[in-house]
Amino acid sequence: MYPRENLRRAMALYAVTDRTWLGERTLSACVEEALAGGATFLQLREKDAPQAEVVLRARALVPLARAAGVPLVVNDDVEAAARAGADGVHVGQDDAACADARAKLGPDAIVGVSVQTVEQALAAQAAGADYLGVGAVFGTPTKPDAADVGTDGLRAICAAVDVPVVAIGGLNEQTIPALAGTGTDGAAVVSAIFAADDIESQTRRLRAAVQAALGA
């Protein structure tokens, strides 16, 4: 499993897959480009795929993530994460509870939780979350029903918890600079990576933007 002591640093540029943007490209090829460009964390997000397909796709990404030295988690599906040998799972407020995910995956697995408020953040931390995904910080077409937390809400959550925090929602080269001073450890990006024609170059630019804004 990925070393827990490196987790905060791994938040810097958190890549979330989305097959909507891939076109004729394969998921593995696009992920390889993102990792080559400097992505520091990888989440496999397959909202509508059957579990068997999620497992197969996660298994294909595990060696790529291992070779790059970055953690790989599966969105929502605890069973798929376990079967694929991923490093852990990321759950939402309406998904498997953090404590249940921990019980199923064991003490060494990474369990991330999506939160929008300080109260949710504190509850997730108390339940054993290893990191928090906070958002949507800005409006995003990827999750149109997600409430905007804004940079003030992000700042409040970062100040309230001790675990690593990654911001998500509407983050790209233009909006990442607004994260400066919030206390977040990094930016989670979906379409700004996987919708790019040249994923490696785009990821490299995003990584530079995170470094400039957060020193991460």
Any sub-3.5 Å donor-acceptor pair from E33's side-chain atoms to I199's backbone N or O?
yes

Side chains of V31 and L35: does their closest heavy-atom pair fall under 4.5 Å?
yes

Residues that F194 engages under ring-ring contact (aromatic ring centres under 6.0 Å, His included), provided they are two or more places apart
none

Would N75 and E46 count as having a side-chain donor-acceptor pair, cut-off 3.5 Å?
no

Quick one: do L214 and I176 end up in the same hydrophobic cluster if we chain Ile, Leu, Val, Met, Phe, Trp and Tyr together by side-chain heavy atoms under 4.5 Å apart?
yes

Please examine the side chains of E53 and P50, heavy atoms only from C-beta on, and report whether any two atoms are closer than 4.5 Å.
yes

Where is the tightest heavy-atom contact between A60 and S28, given as atom of each residue plus distance?
CB-OG, 3.9 Å

Check against salt bridge (charged side-chain N to carboxylate O under 4.0 Å, His left out), D198 and R205:
CA-CA 11 Å; D198 186 338; R205 288 193 292 271; over 6 Å; no

Nearest 0.5 Å, what's the CG-CG distance between L27 and L44?
6.5 Å

Closest non-hydrogen atoms of V113 and A129, given as atom of the first, atom of the second and distance, are CG2-CB, 3.8 Å

Looking at every heavy atom in both L179 and G186, which two are closest together, and how far apart are they?
CD1-O, 4.2 Å

Can you confirm whether Y14 sits close enough to V210 that some side-chain heavy atom of one is under 4.5 Å from a side-chain heavy atom of the other?
no

Would you say the rings of Y131 and F41 are close, in the sense that their centroids are separated by under 6.0 Å?
yes

